[in-house]
Trainee: 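Following this message is one structure expressed as structure tokens.
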Amino acid sequence: MNRLFRRETLVRRPSLGSILVFLVSLGFTSGRAIAEESPWRVTGFLQLRAVAASRQMQSFSQNNLSAVTAVSNPILSESPESVRSSLQVAQSRLGAEYVGSAGMLGRFEFDFIDFTKSTPTTAAVPRVRRAAIEYLPEGTSFHFLFGQDWDLVSPLAPFTYNWVGHAFESGDIGFMRLQVQLRYDATLEHEIGWAIGFPKSNISASDTADETSTLPVLEARYRYHWSSWQAGTSALYARLKTDAITRRREQTWVTNAFVESKTSESLVVRAESYIGQNTAGVGLLGLSQATAAYGSPREVGGFVSGRWLMTEKSAIYGFFGGAKNLDASETAPLYTRSPSLARSTSNGPGIIWNAQATLGMDRNLKKNFRIFVQASALKTRHALLGVDLFLNRSIQKGMVGECGVQLDL
């Protein structure tokens, strides 16, 4: 898993036929065969997941179990107290890497998630996660990346088989961005990175404030790494338009600290923390988003995660994470009323704070093939309109259970 060290995006959707033609043109037999016969290499995994929940949950503000990130908004819930379940293959991932000469690498990566579809089956469509060119000039310590890939900021990920949801909106914020990166290994232990990128995804047909902001998003990261540890800090800054007509701009920033310890061959521990402002407004997966009516909230968050290899084939893993907007009054609700019907808006997640704890176990049945089971407890406080505060339902909690199989390609 890359992303420094990580991971798993965004929303440009090629046709399924074009991807199949692309893979067939590579002579798709197996990752090993391709690696031996050509510069192409197949990556990814196939996953079937059964998901059950004690009540309605949401995946990035959508009321389904595709990639759970929070408990659902009480005003937008449908049969919120009903137990529910689903089968999912959409988090499966398929990629191809081209290893060229003289330090060149090209990478495509797709998954099939669509948060607007609850259990899509044959209606699932490919989603471009990563599409980037990497260049490492020979005889230098520079590393260039051009394209769509993980942010420099918030580089680690917790251990979970909910690959797409994991601790987003509950302590983890780094996401994908169209960008240019430059990383420099000053010494064997020190790495410094810089990036300029586009504000965030725009899935409408017209230009918005994202395109007319003109100023890029700026990122930087320092990492110190040695045999069993790595630690560092990262930051992001932007001054982006929040309204294309009034040309109002908001300060957007985040600073992050991270550490990973591999003190033994059987135990790995990771942790991140951050503080920021308007993180969701710049494409990060935090809670704060600036709006003209409510202001520009600041937030804090972080997670701690670990994985312990009990035997050669079995491991226990888990994480705890949380995020909070520091001023609840500046958090815009996820919905509006007109006059009594609640409708979703684009004001961000609409969450004041969110916490999640996950514990799981996996076991290898064969090489690259494993089973897993995990349970998660989530507690979420949503921002509500004044007319709904009397309901006293802003804090919601629920449980999610997941089990499945995964074959690494």
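Count residues from 1 along the sequence. Atom set for the values below is all heavy atoms of this structure, side chains included, hydrogens, waters and symmetry mates excluded.
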Trainee: Testing the 3.5 Å rule here: is there a donor-acceptor pair between the side chains of T380 and N354?
Mentor: yes

Trainee: Got a second to check how far L326's CG is from I352's CD1, nearest 0.5 Å?
Mentor: 12.0 Å

Trainee: Is there side-chain contact between R130 and M176, with heavy atoms separated by less than 4.5 Å?
Mentor: yes

Trainee: For a quick test of reading the model, state the closest non-hydrogen atom pair linking Y335 to A383 and the distance between them.
Mentor: CE2-O, 4.0 Å

Trainee: If we ignore angles and hydrogens, is there a donor and acceptor under 3.5 Å between the side chains of D114 and T116?
Mentor: yes

Trainee: Examine the side chains of Y222 and H190 and answer whether a donor and an acceptor come within less than 3.5 Å of each other.
Mentor: yes

Trainee: Quick one about S228 and T263 (side-chain donor to acceptor, distance below 3.5 Å, no hydrogens or angles considered), yes or no?
Mentor: no

Trainee: Kindly indicate, with the supporting measurements, whether the criterion ring pair (Phe, Tyr, Trp, His ring centres under 6.0 Å) is fulfilled by F319 and F303.
Mentor: CA-CA 7 Å; F319 72 87; F303 70 84; 7.1 Å; no

Trainee: If only atom types and distance count, is the side chain of N325 paired as donor or acceptor with the main-chain N or O of I351 below 3.5 Å?
Mentor: yes

Trainee: Identify which one of L409, T43, D111, L46 satisfies the side-chain contact (heavy atoms from CB on, under 4.5 Å) criterion when paired with L94.
Mentor: L409

Trainee: Is there a donor-acceptor contact under 3.5 Å linking the side chains of S154 and E272?
Mentor: yes

Trainee: Got a salt bridge between D408 and R93, using NZ or NE/NH1/NH2 to carboxylate O under 4.0 Å?
Mentor: no

Trainee: So that I can tick it off, tell me whether E191 and R183 are bridged by a salt bridge, with the cut-off set at under 4.0 angstrom between side-chain N and carboxylate O.
Mentor: yes

Trainee: Verify the distance criterion only: is there a donor paired with an acceptor across the side chains of N64 and S118 at less than 3.5 Å?
Mentor: no

Trainee: Are L378 and V400 close enough that some pair of their side-chain heavy atoms sits under 4.5 Å apart?
Mentor: yes

Trainee: Is a salt bridge present between R107 and E134, judged by a nitrogen-to-oxygen distance below 4.0 Å?
Mentor: yes

Trainee: Look up atom OG in S376 and atom CD in E402, then write down how far apart they are to the nearest 0.5 Å.
Mentor: 5.5 Å

Trainee: Going by distance alone, is a donor N or O of one side chain under 3.5 Å from an acceptor N or O of the other, for Q374 and Y317?
Mentor: yes

Trainee: Begin from the C-alpha positions of E330 and R298 and carry the test salt bridge (charged side-chain N to carboxylate O under 4.0 Å, His left out) through to its verdict.
Mentor: CA-CA 9 Å; E330 293 184 337; R298 294 183 180 183; over 6 Å; no

Trainee: Any Lys/Arg nitrogen of R337 or D388 sitting under 4.0 Å from an Asp/Glu carboxylate oxygen of the other?
Mentor: yes

Trainee: Is there a donor-acceptor contact under 3.5 Å linking the side chains of Q230 and R223?
Mentor: yes

Trainee: Both conditions, 6.0 Å and 45 degrees, for the charged tip of R270 above the ring of F159: are they met here?
Mentor: yes

Trainee: With rounding to the nearest 0.5 Å, note down the distance linking CD in E299 to OG in S288.
Mentor: 3.5 Å

Trainee: Would R381 and Q396 count as having a side-chain donor-acceptor pair, cut-off 3.5 Å?
Mentor: no

Trainee: So which of V153, I196, V254 actually passes side-chain contact (heavy atoms from CB on, under 4.5 Å) with E219?
Mentor: V153

Trainee: Between S314 (side chain only) and T311 (backbone N and O only), is there a donor and an acceptor less than 3.5 Å apart?
Mentor: no

Trainee: Test your reading of the model: is there a side-chain donor-acceptor pair from S59 to the backbone of Q62, 3.5 Å cut-off?
Mentor: no

Trainee: With a 3.5 Å cut-off and no angle check, do the side chains of Q91 and Q47 form a donor-acceptor pair?
Mentor: no

Trainee: State, without any angle test, whether S86 and T119 hold a side-chain donor-acceptor pair at a distance under 3.5 Å.
Mentor: yes

Trainee: Are the side chains of I275 and W253 in contact, using a 4.5 Å heavy-atom criterion?
Mentor: yes

Trainee: If you take all heavy atoms of R221 and D151, which pair is closest and at what distance?
Mentor: NH1-O, 4.4 Å

Trainee: What heavy-atom pair brings A70 and E169 nearest, and what distance separates the two atoms?
Mentor: CB-OE1, 4.5 Å

Trainee: Mind checking whether L384 and P74 have side chains closer than 4.5 Å, heavy atoms only?
Mentor: yes

Trainee: Decide side-chain contact (heavy atoms from CB on, under 4.5 Å) for Y161 and D362; before the verdict, give the C-alpha distance in whole Å, the side-chain angles of both, and the deciding distance to 0.1 Å.
Mentor: CA-CA 9 Å; Y161 281 88; D362 62 27; 2.7 Å; yes

Trainee: Does one side chain, of S234 or N256, offer a donor that lies under 3.5 Å from an acceptor on the other?
Mentor: yes

